[in-house]
Amino acid sequence: ATEAEEKDLVIVGGGVAGYVAAIKAGQAGLKVACIEKRGSLGGTCLNVGCIPSKSLLNNSHLYHQILHDTKNRGIIVGDVKIDVAQLMKAKDTSVTGLTKGIEFLFKKNNVEYIKGTGAFQDEHTIAVNLIDGGETSVRGKNIFIATGSEATPFPGLTIDEKKVVTSTGAIALQEVPKKMVVIGGGIIGLEMGSVWSRLGAEVTVVEFLGQIGGPGMDAEISKLTQKLLTKQGMKFKLNTKVTAGDDSGASVKVNVEAAKGGKEEVLDADVVLVAIGRRPYTSGLGLENIGLEADEKGRIVIDQEYRTKIPHIRAIGDVTFGPMLAHKAEEEGVAAIEYLSKGFGHVNYGAIPSVMYTHPEVAWVGQNEAELKAADVKYKIGSFPFSANSRAKTNLDTEGIVKILSDAETDRILGVHIVGPNAGEMIAEGTLAIEYGASSEDIARTSHAHPTLSEAFKEAAMATYDKAIHY
Ligand code: FAD
Ligand code: NAD
C-alpha cells in the first residue's frame, strides 16, 4: 500500500450521483478523488441502464415501425431483417462514447479517477483494491457514498444473465427469444419487454399489483398504456404472483397464481426477466468498520443535507432514499456539493419527472389522482387526446392523452400525466410549471408553436378551467 493522501472529498462510486458530485467538486476548487470499480464511469445508468436500454428501445421501435407502419405512409420496403449483433454494437458505441466523455470531464475538472473497489478502513480513510492489481488508500476530509443499487433477485431462480436475466442480461441477449416471461410490470419490465416483443418474442408480463407501471403511474394512464402495449402484442397477467421457478431444464418454468390465491399455472419461457425492483448496494463497502448501518430496505440513512450520522460522510443517489432515477441522483450530486462548499443546497423532490420510454412514451410529474384523493385535495382534471392534435395527426401517431390535475381552488398545477408520442420531452414543461408554481391558466395563455405536440399540453391546461378548442 502507498502512503495515504488527504483530499477535501473522496467519492465512492462513479455513477451519475458520484460523477456529477465529482465534477461539481472540481469546479468548486475542491481536491477530489472518485473511486469506481466497474472499469468505466457512469455507473448503472450509462453502462447497463438508461443509455443501453434507450438505444435498444429506439432501434427496436424503428424496426417495428418499418415492419408494421410504412405502407399507409406511402413507403414500400423490401426484405426487412434484424441483425442482433449489429443492434448490440450500436448500443455499445453509444455507451462507450458517453462513458469516455465522463473520463474527459474528470480530467477537465481536475478529478482524480481511481479504478478499484473502495472500502472504509476508518471514518476518513478508504482502502482501495485496484483493478490493475495492488492496493492503495486515500484519505478524505469528507466522503460521499454513491455506490448505487442492484437488481433484487427472485428467490428460487438463479440469475445466469442468459436464461434467467436481470436488465443487465436483457440488454445483451445474443438472439431474440421465442418466449419471454417478465416478472414485474414496472418500468424495466415494460421497457425491456417492449424491446424483445418488437423484435419478435412472445412476451408475457406477470405483475403482482392490479396495474402496470408501478404505483406512481396514474391509474387511468396505466390502463390506457396497457391497452396500447397489448395491441402491440404484449400479454399481461395482473394481480398475479410468481410462486416458484425451475431453471434446471432447457427452458425455464415459472409457476404463477392469482395474488389472492387460486389455481396455479405454469408458464414456459426461453428467457425469464426478473424485474421486481432494485435495492441499494453497499456490499463490501466496510460500513461495519465505521459503525454505519443501513435501514431495513438497505438504504443509508441521511438527514436533509445528505449527512449520515457521521457528519462528514454523506450519501446520495440510489443508495439512499427517494426514486431510483438518474436525474434525481444528478440533482443530489449537485446539492450535496453545494451543502459542502457553500452551506446550502436544494432539491425539489415534488418536481422530479418519471418517464417510461416505451412507444408511446409515458411521463408524469407531481401527484396522481389516487395520491390527491388520499391527501383529500380537491382538484380539477383537464385532458386532451393526441387524436385531436394536428402534429400527431400528420405523424400518424395519435395514441394517448395529456392529463393535467390542478387545484380546484387556486388552479395551481398539481400533476401532469402523459401517454403519447414524445411524452418524455413534453414532461419538461409540466416539471417547469410545477417548479414555478404555475396555474393551468398560465400554461393555457402561453403561446405554443403550431403544429406541435405541445399544443396538446396547452389544450389540456385550458380544459382544466375552461373548454379545449380542438376537442
Ligand atoms: P449507480 O449508477 O448504480 O452507480 C454506482 C456506482 O458505484 C457503480 O458504477 C458501481 O460499480 C460503483 N460502486 C459500488 N460500490 C463500489 C465500491 N465499493 N467501490 C467503488 N465503486 C463502487 N433512470 C433514469 O432516470 N432514466 C432511465 O431511463 C433509466 N433507465 C434505467 C434502465 C435500467 C435497465 C436500469 C437498471 C436503471 C435505469 N435507471 C434509469 C436508473 C438509473 O440507472 C439509476 O437511478 C442511476 O444509475 C443511479 O445512479 P447512482 O450513481 O446512484 O448509482
Ligand atoms: P419497479 O419498482 O419499477 O417495478 C417492479 C414491479 O414488480 C412492481 O410493479 C411490483 O409490483 C412488481 N413485483 C414485485 N414483486 C413481484 C412478484 N413477486 N411478482 C410479480 N410482480 C412483482 O422496479 P424495476 O422495474 O425493476 O426498476 C427498478 C428501478 O429502476 C426503478 O426504481 C426504476 O425507476 C428504475 N428505472 C427507471 C427507468 C426510467 O426512468 N425510464 C428505466 C428502468 C429502470
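Keep in mind that the numbers below use all heavy atoms, side chains included, and drop hydrogens, waters and symmetry copies.
A side-chain donor from one of E429 and H448 sits under 3.5 Å from a side-chain acceptor of the other. In the model, R139 has a side-chain atom that pairs as donor or acceptor with a side-chain atom of T125 under 3.5 Å. No hydrogens or angles considered: a donor-acceptor pair under 3.5 Å links the side chains of Y349 and E332. Between the side chains of T166 and E161, a donor-acceptor pair is found at a separation under 3.5 Å. Looking only at atom types and distance, the side chain of H124 has no donor-acceptor partner in the side chain of N142 under 3.5 Å away. Remark: the Q27 side chain and the K24 side chain contain an N/O donor-acceptor pair separated by less than 3.5 Å. If you check the side chains of Y379 and Q367, you find no donor sitting under 3.5 Å from an acceptor. No side-chain N or O of N129 forms a donor-acceptor pair with one of T117 less than 3.5 Å apart.
Within the 4.5 Å cutoff, the side chain of E103 has heavy atoms near those of the K100 side chain.
E330 contributes no side-chain N or O that, together with a main-chain N or O of G317, makes up a donor-acceptor pair within less than 3.5 Å. Looking at T93, its side chain does come within 3.5 Å of a backbone N or O of K89 through a donor-acceptor pair. Of the possible polar contacts, none joining the N110 side chain to the K31 backbone as a donor-acceptor pair under 3.5 Å is found. When atom types are taken as modelled, the side chain of D442 and the backbone of A438 share no donor-acceptor pair closer than 3.5 angstrom. Under the 3.5 Å distance criterion, the side-chain polar atoms of Y339 are left unmatched by any main-chain donor or acceptor of E305.
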| field | Step-by-step side-chain contact (heavy atoms from CB on, under 4.5 Å) determination, R307 to I313 | value | CA-CA 6 Å; R307 288 177 302 211; I313 301 176; over 6 Å; no
| said: Set out, in order, the CA-CA distance, both residues' side-chain angles and the distance that settles salt bridge (charged side-chain N to carboxylate O under 4.0 Å, His left out) for D218 and K403, then state yes or no. | reply: CA-CA 10 Å; D218 185 82; K403 171 172 168 182; 2.7 Å; yes
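Scanning all heavy atoms of the two residues, the minimum distance from C34 to A22 falls at CB-CB, 4.2 Å.
When the shell of 6.0 Å around NZ of K223 is examined, it contains 12 or fewer heavy atoms from other residues, nucleotides or ligands. Within a 6.0 Å radius of CZ in F208, no more than 12 heavy atoms belonging to other residues, nucleotides or ligands are found. Counting non-hydrogen atoms of other residues, nucleotides and ligands closer than 6.0 Å to CD of E175 gives a total of 12 or fewer.
Ion pair K7/E112 flagged as a salt bridge, since at least one NZ, NE, NH1 or NH2 atom sits closer than 4.0 Å to an Asp/Glu carboxylate oxygen.
Using the six-membered ring where Trp is involved, F106 and Y113 have ring planes that are perpendicular, over 60° apart on the 30 and 60° scheme.
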